[in-house]
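Below, chains carry the letters A, B, ... as their sequence lines are ordered, and counting in each starts from 1.
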Protein chains: 2
Amino acid sequence: MLAVPKRDRRAERRAATRREIVDAAWQVARDKGLAQVTLRDVADLVGMRPPSLYSHFAAKNAIYDAMFGDAWTQFLEAQKAAEADEPAASRAALRYYARVYFDFAVAFPARHELMSLHTIPDFTPSPDAYAPSVASMESFVARMAKHGAGRQEDVDIFVAIVGGMVDAQLANDPGGDRWARLLDRTIDMFADNIGITDERIRP
Amino acid sequence: MLAVPKRDRRAERRAATRREIVDAAWQVARDKGLAQVTLRDVADLVGMRPPSLYSHFAAKNAIYDAMFGDAWTQFLEAQKAAEADEPAASRAALRYYARVYFDFAVAFPARHELMSLHTIPDFTPSPDAYAPSVASMESFVARMAKHGAGRQEDVDIFVAIVGGMVDAQLANDPGGDRWARLLDRTIDMFADNIGITDERIRP
DNA sequence: GTCTATACACCGATAGAC
DNA sequence: GTCTATCGGTGTATAGAC
């Protein structure tokens, strides 16, 4: 027997307020940096006093937790949206997966810092917030497997080198393209190692 | 005309106290994390009151700055010490460079965080503290050039993928060897791409 | 249920006595 | 050079107004 989908206006309002708070926290993170998010700044943006945030989140880290889940959900959607233009050829597909992740990360460094670096003291994502990250990884592994790169070792190397290119770009040439230009060639290195025989970029 | 090297006992004592403070800060970073270093904890370890630290460092970030220079000086020395066992064959040499950096970074995560990630808010290394990092990079580029991998693009990719392996290891398998085991194969990918023809590890 | 007012402990930093 | 005292700012907890 199915539950009747009765609307709960109170719950809707609560969820909307939580959304407002998380969005405000994103804005502060974008403007001042992830670690510079303070409850006072967030409260100012949503028109509350700082302690009022505790009616919606148990602690500051609970806001980070919601942001973490939010960020991976955003990437999951970006991943799904990117399916439409996914190339059929294996080498081109690998380049495309790397580019989708790279561009997503570089577009919003504070978000990438929260998603991938473990830089916020005493913050560990909850299982709920971690779920979209796992879903994204599972979807990614399935696609890698289609191109003969689904072994854990292959995926581990791919994830590490793409992450390394992102971090090098953000740390050493923020706003530039010094490592972005080298991404295709780096993925070709990987594709050669896996044994993919499509056309490639010469060093 | 050479300056007479006259000893300055006052300056020596000052330098020794600075060393004590920096070492205490390293210990706190090792025990609690880089961002968890507080002036109170450092002062406790050296037997001072927190404000007394300001007689030796202008600000907390000045301590981080000294640690940054210290860390890269340590790596510079590790690099020099590793020269003795450097393999002659190019592929083996590249693997060796990567391993020296990887092991150094993984041995002390908080130090690596300070050296490579830019995770401390409002901290930018001073030119003085940056100098040993530049010296280390110049020495590294010269060695890469000996093996035909001295172009900026080659070095950029090498640095990014080794850094990516380190970060993946520390973030996803701290204390383990899931990415450490894949480092040689990853460097082989790079060596193949450069056109080095020594023996290699098959995927 | 939601928000405010108040308070607390801790942080980096400064001023001034000794 | 080191101390005490103190400042403004932070995350957090709680009592109570509405």
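- Atom CG in A:L94 sits 4.5 Å away from atom CD1 in A:I196 (nearest 0.5 Å).
- Looking only at atom types and distance, the side chain of B:N193 has a donor-acceptor partner in the side chain of A:R185 under 3.5 Å away.
- One interatomic measurement links the two molecules: CD1 of A:I120 to P of D:dT10, which rounds to 16 Å at whole-angstrom precision.
- A salt bridge does not link A:R111 to A:D70: none of the charged side-chain nitrogens sits closer than 4.0 Å to a carboxylate oxygen.
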Measure all distances between protein nitrogen or oxygen atoms and nitrogen or oxygen atoms of nucleotides 13-18 of chain D, and list the pairs falling under 3.5 Å.
none

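- Between B:F158 and B:Y97, a ring centre-to-centre spacing not shorter than 6.0 Å is recorded.
- Remark: A:R143 is not positioned above the aromatic ring of A:Y96, lacking an NZ or CZ atom under 6.0 angstrom from the ring centre and at most 45 degrees off the axis.
- For DNA chain D, the residues of residues 7-25 of chain B within the heavy-atom distance limit of 4.0 Å (strictly under) are B:R14, sorted by number.
- One atom, NZ of B:K60, and another, C1' of D:dT10, lie 13 Å apart when rounded to the nearest Å.
- If you measure from atom NE2 of A:H56 to atom P of C:dG1, you get 13 Å, rounded to the nearest angstrom.
- Atom-to-atom distance recorded for B:R18:CZ and B:D23:CG is 12.0 Å, nearest 0.5 angstrom.
- In this structure, the CD1 atom of B:I63 is 12 Å from the C1' atom of C:dA13, given to the nearest Å.
- Between the CG atom of A:L53 and the C1' atom of C:dT4 there is a distance of 12 Å, given to the nearest Å.
- A salt bridge between A:D156 and A:R151 is absent, with no side-chain N of the basic residue lying under 4.0 Å from a carboxylate O of the acidic one.
- Between B:S52 and D:dC3 there is a side-chain N or O to OP1 or OP2 distance below 4.0 Å.
- Under the 3.5 Å distance criterion, the side-chain polar atoms of A:R178 are left unmatched by any main-chain donor or acceptor of A:Q169.
- Remark: A:M48 in residues 29-48 of chain A come within less than 4.0 Å of DNA chain C through at least one heavy atom.
- One interatomic measurement links the two molecules: CZ of B:R49 to P of C:dG12, which rounds to 16 Å at whole-angstrom precision.
- Smallest separation of non-hydrogen atoms from B:A171 and A:S116: CB-O, 4.4 Å.
- A salt bridge is absent between B:D8 and B:R13: the closest approach of a Lys/Arg side-chain nitrogen to an acidic carboxylate oxygen does not fall below 4.0 angstrom.
- For the pair B:N61 CG and C:dG12 C1', the interatomic distance rounds to 10 Å; values are reported in whole Å.
- Between A:D188 and A:R95 there is a salt bridge, with a side-chain nitrogen of the basic residue lying less than 4.0 Å from a carboxylate oxygen of the acidic one.
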